[in-house]
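First comes the structure, then the notes that go with it.
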Amino acid sequence: MNGTGVWHAEQAWLGHRADDVLIEVEDGTIKSVVEGVPPPPDAVQVKGWTIPGLANVHSHAFQHSLRGEVESGAGNFWEWRTRMYRAAEVVEAARYRTQARAVFREMLEAGITAVGEFHYLHALGNELGEELIDAAESEGIRITLLDACYLRGGMDGRPLDAAQKTFSDGDAEHWARRMDALDERQGVRIGAAIHSVRAVDPRSMRTVAAWARERNAPLHIHLAEQPAEVEECLAVEGCTPTQLLEREGILGPDLTAVHAIHVNDDDISLLGANKVSICACTTTERDLGDRVGPLSGLAGAGSALCVGSDSNAVIDILEEARGIELDQRRAMGRRVLHQPEDLFRAATVDGMRALGWDGGELKPGMLADFVTIRQRQFRDWRGFGLDYLMFCCSARDVVNVVVGGKTVVNK
């Protein structure tokens, strides 16, 4: 990924709209950005509107196999989960790398330059995690492998079922030892995940968080996606999942909470005060029949927002980001609760930070990840801005993708 070269963008977003932008890259990092200059002879010219690479903060690559397979009949989240567990049980190392490569290629073609893979398929130890890393490297996408600790079937002492047993390391100490065998390298970060308060006991949560914080690694958790999780936590621990995380010292600016749908006002205040990032997965949440979380309240309290494709039923980060606003409109009965600039940050720089990457902005010192959106002939290109990008463009409009100074998509 450590490419070197010069690109000339017809238009680009530099915190403002800019024309004729020269981007110089050295060893995979942006060296300089100059606007208002003609293209030099040695520059790669990209026609359209160039923006920073998009960040997909939450993905389960294996769930892509369920696409189009669970949309008939009826049911709720828990019935969908049963189908998902069946899919998890039949994952094979020999096929997983090929499947993951296809998922990551689709992400690149959608303008995603970094993915957070929330991984808990541990029947083969680290083998499937290594397959994910190899697949990402083969396709040229950055990956943060968020390896999840998963130890119990529920907070009420339920044992792990057959599928869940393949997710478990037995205890947090065995999880940590297995994690120590995973290596970071160019384009690869290793992060930690607490699957959920249902699946990890408080003492083990502290072990996972300590492992991440000793290594300055990203830390993620599924939080309050379903009301059953909140009800169970109240019954067993006498507090909400967010309050439990606060009690155990898990909340902090290095934590990303995925979903955070069923949270109350106190939870929102705790998450905001601790600068916890919130990852919304709007297309998956719609697909599973999840409710709409209080994202405007969370943002107002101080939590940065980011987005992920989650089950990969849809792979389109622009759609995920505008879903933050559009779902809030229907839930709140008001418009423009999130400005286009806020949605853009969720799709770029705030997502990159949640994954542990210095990217998401076109400026010197940042990773040389950038994406070009095609110009539509019927649109006055001079008036193109973030409003149009965030509400009128999609994955199919991506025509060129550069990751670390190397072109990986050129349509």
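Taking NE2 of H195 as the reference point, atom CD of Q164 lies at 8.5 Å (rounded to 0.5 Å). How far CZ of F77 is from CD of E285: 10.5 Å, rounded to the nearest 0.5 Å. Atom SG of C279 is separated from atom CD of E320 by 8.5 Å, given to the nearest 0.5 angstrom.
A salt bridge links R95 with E92: the distance from a Lys NZ or Arg NE/NH1/NH2 to an Asp or Glu carboxylate oxygen falls below 4.0 Å. Between R67 and E106 there is a salt bridge, since a side-chain N of the basic residue sits under 4.0 Å from a carboxylate O of the acidic one. Electrostatic pairing of E35 and R17 does not count as a salt bridge here, judged by no charged N lying under 4.0 Å from a carboxylate O. R203 has a carboxylate O that lies under 4.0 Å from a charged side-chain N of E173, or vice versa, which qualifies the two as a salt bridge. Salt-bridge check for R334 with E325: failed, with every basic side-chain N at 4.0 Å or more from each acidic carboxylate O. A salt bridge does not link D358 to R353: none of the charged side-chain nitrogens sits closer than 4.0 Å to a carboxylate oxygen.
Residues V6 and L22 form a side-chain contact, since some pair of their non-hydrogen atoms from C-beta on lies under 4.5 Å apart. Annotation: side chain of D147 is in contact with side chain of R178 (closest heavy-atom distance under 4.5 Å). A 4.5 Å side-chain heavy-atom check between I143 and L355 finds every atom pair outside the cut-off. The shortest distance between side-chain heavy atoms of I315 and I112 falls below 4.5 Å. Using a 4.5 Å cut-off on side-chain heavy atoms (C-beta onward), E184 and I190 make contact. Using a 4.5 Å heavy-atom threshold, the side chains of V103 and F62 count as separate. With a 4.5 Å cut-off on side-chain heavy atoms, R142 and T113 do not count as touching. Counting heavy atoms from C-beta on, the side chains of E246 and N274 come closer than 4.5 Å.
Minimum heavy-atom separation, L245 to M205: CD2-SD, 3.8 Å. Across V200 and R152, no two heavy atoms sit closer than the pair O-NH2, 3.4 Å. Taking every heavy atom of both residues into account, V276 and L255 meet most closely at CG1-O, 3.4 Å. Between G111 and V401, the closest heavy-atom pair is CA-CG2, 4.0 Å. Taking each heavy atom of T50 and L362 in turn, the nearest pair found is O-CD1, 4.0 Å. Of all non-hydrogen atoms in G351 and C306, the two that sit nearest each other are CA-CB, 3.7 Å.
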### Task
Show the numbers, then the answer: is there a ring pair (Phe, Tyr, Trp, His ring centres under 6.0 Å) between H60 and H222?
CA-CA 12 Å; H60 302 286; H222 290 126; 5.6 Å; yes
### Task
Start with the C-alpha gap between H122 and H119, add the side-chain angles, then the distance that decides, and say whether ring pair (Phe, Tyr, Trp, His ring centres under 6.0 Å) holds.
CA-CA 8 Å; H122 299 142; H119 172 66; 5.3 Å; yes
### Task
Carefully, step by step, assess D134 and R101 under the rule side chain to side chain contact (heavy atoms under 4.5 Å, CB included).
CA-CA 9 Å; D134 289 346; R101 284 192 67 170; over 6 Å; no
### Query
Can you list the steps and then say if Y150 with W175 is a ring pair (Phe, Tyr, Trp, His ring centres under 6.0 Å)?
CA-CA 9 Å; Y150 196 119; W175 171 87; over 10 Å; no
### Task
Check the pair T240, V263 against side chain to side chain contact (heavy atoms under 4.5 Å, CB included), reporting the backbone distance first and the verdict last.
CA-CA 8 Å; T240 68; V263 289; over 6 Å; no
### Task
Would you please test I133 and L145 for side chain to side chain contact (heavy atoms under 4.5 Å, CB included) and show each step?
CA-CA 7 Å; I133 291 171; L145 185 71; 4.1 Å; yes
### Task
Using the side chain to side chain donor-acceptor pair (under 3.5 Å) rule, take T407 and N400 through it: C-alpha gap first, then chi angles, then the decisive distance, then the call.
CA-CA 7 Å; T407 299; N400 192 274; 4.7 Å; no
#### Entry: Residues V46, E10; criterion side chain to side chain contact (heavy atoms under 4.5 Å, CB included); working and verdict
CA-CA 6 Å; V46 283; E10 187 178 21; over 6 Å; no
### Criterion side chain to side chain donor-acceptor pair (under 3.5 Å) on E361 and T348, from CA distance to verdict
CA-CA 7 Å; E361 296 177 282; T348 55; over 6 Å; no
### Message
Checking S59 against E117 for the side chain to side chain donor-acceptor pair (under 3.5 Å) test, could you report, in this order, the C-alpha distance in whole Å, the side-chain angles of both residues, the deciding distance, and whether it holds?
### Response
CA-CA 5 Å; S59 164; E117 186 62 28; 2.9 Å; yes
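Remark: side-chain polar atoms of R322 are paired, donor with acceptor, to backbone N or O of C393 under 3.5 angstrom. For the pair D310 (side chain) and T284 (backbone), a donor-acceptor distance under 3.5 Å is absent. With hydrogens and angles disregarded, a donor-acceptor distance shorter than 3.5 Å links the side chain of S196 to the backbone of A199. Between the H220 side chain and the A354 main chain, a donor and an acceptor come within less than 3.5 Å of each other. A donor-acceptor pair is defined here as one N or O able to donate and one able to accept, closer than 3.5 Å; no such pair exists between the side chain of E71 and the backbone of G68. Checked by atom type and distance alone, the side chain of D290 never pairs as donor or acceptor with a backbone atom of R286 at under 3.5 Å. The backbone N or O of A299 lies less than 3.5 Å from no partner atom in the side chain of S303, so there is not a single donor-acceptor pair. The backbone N or O of W211 sits less than 3.5 Å from a side-chain atom of R215, completing a donor-acceptor pair. The main-chain N or O of N264 is found under 3.5 Å from a side-chain atom of D267 such that the two form a donor-acceptor pair. Side-chain atoms of R105 come within 3.5 Å of backbone N or O of E139 as a donor-acceptor pair.
Summarising the local packing, CZ of R185 is surrounded by more than 12 heavy atoms from other residues, nucleotides or ligands at distances under 6.0 Å. Counting non-hydrogen atoms of other residues, nucleotides and ligands closer than 6.0 Å to NZ of K411 gives a total above 12. In the displayed structure, R247 atom CZ is contacted under 6.0 Å by more than 12 heavy atoms of other residues, nucleotides or ligands. In the displayed structure, R177 atom CZ is contacted under 6.0 Å by more than 12 heavy atoms of other residues, nucleotides or ligands. Within a 6.0 Å radius of CG in D156, other residues, nucleotides and ligands contribute more than 12 heavy atoms. Within a 6.0 Å radius of CG in D180, more than 12 heavy atoms belonging to other residues, nucleotides or ligands are found.
A donor and an acceptor atom, one from each side chain of E229 and H262, are nowhere located under 3.5 Å apart. In the model, S32 has a side-chain atom that pairs as donor or acceptor with a side-chain atom of E24 under 3.5 Å. Side chains of Y96 and E127: no donor on one and acceptor on the other come within 3.5 Å. A donor atom on one side chain and an acceptor atom on the other are not found under 3.5 Å apart for T282 and D327.
Take D201 and apply the side chain to side chain donor-acceptor pair (under 3.5 Å) test, not counting sequence neighbours, and it matches S204.
Classified by interplanar angle (parallel below 30°, tilted 30° to 60°, perpendicular above 60°), the ring pair W13/W49 is tilted. Below 30°, between 30° and 60°, or above 60°: for Y120 and F118 the angle between ring planes is above 60°, a perpendicular geometry.
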